[in-house]
Amino acid sequence: GYKYLTSEFILPGDDFINIGSKVIGVYGGLELHGKPTNTPWTTLNTTIEEGTSTITINGEVDWKVSNEIVIAPTGYNSFETETFKITAISSAAGISTVTLNATTEYKHWAYSDGTVTVTAEVGLLTRSIQIEGGAYGKLYNESFGGRIIIGDSSLGRGYARITNVEFYHMGQYGFQEPTDPRYAIAFLDSGPITSLNPSYIRNSAFHNLFAPALGVYNAPNLPIENNVFHHCIDYCIQTATDNTQIRQNMIVLNKWKTGQHIYEGAISAMESSTLVLQGNRVSGAERIAYHVPSLECTADRTTWYSDNV
């Protein structure tokens, strides 16, 4: 399998908690706040054909030359996802025109006839703060990147407030048990999110991962909002806790290495209750987009599940 021997790191005072290597262990407070962007992701304004190097997107974005972007697929192949660097950009009248460093290999639709809408998402991957799993000779063979765990120990109970941060080469594949979820970021027994114990993940980008991006276990009320996820392995977001608030996220190219999980989702929340799922867009998932609990017939769908694609 993918489980490799790693250096042990035993938390002081907790000889039964081994958080391993290539890890940021949070048992107090973590604050990571990059330079804000006004648009973490948007949609194409005009269909782009194969061989295109200039695209138009909705909104007057504040993206910069040399930033990396991802364009979601609108066909049947999840690997029609494409990434580019920006070489020029201008905005006017609610539209931005972006020049790419290469030409597109695939067609990406921006189509609506009033009944059917098929529009590719375009997400910003670059942020001013980058958390990266360090490179080594067997990185790609072993799929062993970095990770952040927010947990509970005798040292204290952790919380994390994260905005406008880029996570690259994160996650450690093969470690997915709820007691040891080595995702890019995992909340494990960190307790309810309250005004006294605040946590959130907002306006950030996760890409080129070796495992799922986010795992939420016994951390009720966590907001996960306005993020971009590109190239997650197995799940992108998995929650097994109450009132996880998943809003306005873009997910693209969700790959699966384990073949038996046919009906698992890019967003997986079957063990969650009172889930909030609003305004998310999933494209290019090798399994299904959403694997979530059903709602009662009398439930207010606009409160819990709405506007997901």
Side-chain angles (χ1 to χ4, degrees), residues 34-128 163-164 166 202-208 225-232 236 246-254 266-267 277-285 289-290 306-309:
K35 182 179 179 180
T37 176
N38 66 4
T39 310
W41 64 272
T42 182
T43 52
L44 283 180
N45 179 266
T46 306
T47 295
I48 54 179
E49 304 288 343
E50 299 171 17
T52 299
S53 61
T54 300
I55 65 173
T56 56
I57 58 177
N58 293 310
E60 297 186 21
V61 303
D62 58 357
W63 304 353
K64 306 298 183 185
V65 169
S66 80
N67 284 176
E68 186 175 11
I69 63 171
V70 59
I71 304 175
T74 51
Y76 295 104
N77 187 341
S78 60
F79 287 91
E80 291 182 4
T81 302
E82 300 191 72
T83 58
F84 300 95
K85 293 290 185 69
I86 297 173
T87 60
I89 187 167
S90 61
S91 299
I95 296 172
S96 296
T97 301
V98 182
T99 304
L100 310 175
N101 67 327
T103 58
T104 55
E105 294 185 27
Y106 307 103
K107 184 173 185 174
H108 301 266
W109 285 93
Y111 170 83
S112 179
D113 62 8
T115 302
V116 176
T117 298
V118 180
T119 307
E121 299 81 21
V122 183
L124 179 67
L125 298 178
T126 301
R127 299 293 189 276
S128 60
T163 59
N164 297 290
E166 177 183 354
R202 293 180 174 134
N203 304 326
S204 295
F206 297 77
H207 64 108
N208 299 88
E225 300 170 332
N226 295 297
N227 302 290
V228 176
F229 300 90
H230 167 237
H231 195 281
C232 307
C236 277
I246 305 174
R247 298 187 179 98
Q248 301 291 332
N249 298 284
M250 171 186 169
I251 293 177
V252 61
L253 190 53
N254 171 217
I267 295 178
L277 196 67
Q278 299 172 339
N280 301 285
R281 305 277 291 253
V282 179
S283 301
Y290 304 95
S306 62
D307 196 28
N308 300 291
V309 177

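Remember, predicted model here, so these are calculated numbers, not experimental data.
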The side-chain hydrogen bond (donor to acceptor under 3.5 Å, both in side chains) partners of Arg247 (sequence neighbours excluded) come to Glu225, Gln245, Gln278
Distance col, row Asn308:CG vs Gln248:CD, nearest 0.5 angstrom, shows 9.0 Å
Side chain to side chain contact (heavy atoms under 4.5 Å, CB included) filter on Glu50, not counting sequence neighbours, yields none
Exercise for review: Could you check Ile267 against Ile246 for side-chain contact (heavy atoms from CB on, under 4.5 Å), going step by step and ending with a plain yes or no?
Suggested key: CA-CA 9 Å; Ile267 295 178; Ile246 305 174; 3.9 Å; yes
In short, side chain to side chain donor-acceptor pair (under 3.5 Å) pairs touching residues 54-69 with sequence neighbours left out are Thr37-Asp62, Thr43-Asn58, Asn45-Asn58, Thr46-Thr56
Smallest heavy-atom separation, Ile251 atom then Ala266 atom, equals CG2-CB, 4.1 Å
Subject >> Heavy-atom side-chain contact between Asn226 and Arg202 under 4.5 Å >> reply: no
Rounded to the nearest 0.5 Å, the CD1 atom of Ile69 sits from the OG1 atom of Thr42 at a distance of 11.0 Å
- Message: In the structure I gave you, are the side-chain heavy atoms of Val228 and Val70 within less than 4.5 Å of one another anywhere?
- Response: yes
CG of Asn208 to SG of Cys232, rounded to nearest 0.5 Å, is 10.0 Å
Here the pair of heavy atoms bringing Ala205 nearest to Leu124 is CB-O, 3.8 Å
Contacts of Phe206 meeting ring pair (Phe, Tyr, Trp, His ring centres under 6.0 Å) (sequence neighbours excluded), chain-then-number -> Phe167, Phe229
Nearest heavy-atom contact between Pro40 and Asn203 is CG-OD1, 3.7 Å
Kindly indicate whether the side chain of Ile48, heavy atoms from C-beta on, has any atom under 4.5 Å from the side chain of Ile71. yes
Between the CG atom in Asn164 and the OG1 atom in Thr126, the distance rounded to the nearest 0.5 Å is 12.5 Å
Any side-chain heavy-atom pair of Leu44 and Trp109 under 4.5 Å: no
**Prompt:** Can any side-chain N or O of Ser283 pair as donor or acceptor with the backbone N or O of Ala72 at less than 3.5 Å?
**Reply:** no
Could you tell me if the side chain of Glu166 sits less than 4.5 Å from the side chain of His207, heavy atoms only? yes
Exercise for the section: Take Thr74 and Tyr111 through the test side-chain contact (heavy atoms from CB on, under 4.5 Å) and record every step on the way to the result. Expected result: CA-CA 10 Å; Thr74 51; Tyr111 170 83; over 6 Å; no
Heavy-atom nearest pair, Val252 first then Met250, reads CG1-CE, 4.1 Å
The reported gap from OG1 in Thr104 to CZ in Phe84 (rounded to nearest 0.5 angstrom) is 5.5 Å
Of all heavy-atom pairs linking Ile55 and Leu100, the shortest is CG2-CD1, 4.1 Å
Scanning both residues in full, the closest heavy-atom pair of Tyr290 with Asn280 reads OH-O, 3.1 Å
Has Asn249 got a side-chain atom pairing as donor or acceptor with Asn227's backbone, closer than 3.5 angstrom? yes
Contacts satisfying side chain to side chain donor-acceptor pair (under 3.5 Å) that involve residues 76-95 (not counting sequence neighbours) are Glu82-His108, Ser91-Ser96
Residues passing the side-chain hydrogen bond (donor to acceptor under 3.5 Å, both in side chains) test with Asn38, sequence neighbours excluded, are none
When rounded to the nearest 0.5 Å, the distance separating SG of Cys236 from NE2 of His230 is 10.0 Å
